[in-house]
*Asks:* 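This is the structure I want to talk about, given as structure tokens.
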Amino acid sequence: LEFRRVLFRSSRVIYQNGTLSLEHLDGYHFYLMTMEGKILRTFIARVPHELYPISLPSGNYLLTGEKDGDRKVFKFRIN
């Protein structure tokens, strides 16, 4: 009987001090949008812990990432 340790990487997005921090989302192509669907930026996360500096005004935003047919959507608010 053999036991193996399985680790699941949870992906997450944090906006703090003018920087988007993307964790475990390398290879995803991102669209940063307003809640009305206006695309503000597009970019690709290239490393497992990507830091993306961007200054955003107060409001609600959607960050959609796509990779190999997989889609992840993150909603965040800036006060």
Side-chain angles (χ1 to χ4, degrees):
L1 195 56
E2 182 178 333
F3 292 95
R4 292 184 186 207
R5 177 185 241 183
V6 178
L7 298 176
F8 293 98
R9 300 183 320 164
S10 60
S11 54
R12 67 181 187 163
V13 173
I14 299 168
Y15 181 81
Q16 186 175 11
N17 299 325
T19 301
L20 272 172
S21 175
L22 309 169
E23 296 184 9
H24 305 295
L25 292 162
D26 42 312
Y28 278 82
H29 185 260
F30 284 98
Y31 303 88
L32 176 63
M33 299 178 280
T34 64
M35 296 302 286
E36 293 77 30
K38 179 182 177 186
I39 297 175
L40 303 175
R41 297 276 172 92
T42 62
F43 58 94
I44 297 172
R46 302 200 185 276
V47 295
H49 298 282
E50 183 88 26
L51 297 176
Y52 187 78
I54 183 168
S55 180
L56 296 170
S58 296
N60 295 311
Y61 297 91
L62 287 175
L63 183 67
T64 302
E66 297 177 340
K67 175 183 171 181
D68 300 330
D70 183 38
R71 175 182 269 191
K72 296 187 183 298
V73 179
F74 301 90
K75 180 180 174 183
F76 63 97
R77 177 176 179 77
I78 299 174
N79 294 323

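Heavy-atom basis, side chains included; hydrogens, waters and symmetry copies ignored. Along the sequence shown, residues are numbered consecutively beginning with 1.
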*Asks:* Enumerate donor-acceptor pairs with a distance under 3.5 Å from any side-chain N or O in residues 71-79 to protein atoms, sequence neighbours excluded.
*Replies:*
from : atom 1 : to  : atom 2 : distance (Å)
R71  : NE     : E66 : OE2    : 3.1
R71  : NH2    : E66 : OE2    : 2.4
R77  : NE     : N79 : OD1    : 3.1
R77  : NH1    : N60 : OD1    : 3.1

*Asks:* Does any non-hydrogen side-chain atom of I14 lie less than 4.5 Å from one of T19?
*Replies:* no

*Asks:* Could you walk me through whether Y31 and L62 pass side-chain contact (heavy atoms from CB on, under 4.5 Å), step by step?
*Replies:* CA-CA 8 Å; Y31 303 88; L62 287 175; over 6 Å; no

*Asks:* Mind checking whether M33 and L63 sit in one hydrophobic cluster, side chains of I, L, V, M, F, W, Y counted as touching below 4.5 Å?
*Replies:* no

*Asks:* Transitively linked via ILVMFWY side-chain contacts under 4.5 Å: I54 with Y28?
*Replies:* yes

*Asks:* Quick one: side chains of residues 40-52, donor-acceptor pairs under 3.5 Å with protein atoms, not counting sequence neighbours, listed by atom name and distance.
*Replies:*
from : atom 1 : to  : atom 2 : distance (Å)
E50  : OE1    : R46 : N      : 2.9
E50  : OE1    : V47 : N      : 3.3

*Asks:* If we only count heavy atoms from C-beta on, is the L22 to F30 side-chain gap below 4.5 Å?
*Replies:* yes

*Asks:* Which atom names give the shortest non-hydrogen contact between Y61 and L32, and what distance separates them?
*Replies:* CB-CD1, 4.2 Å

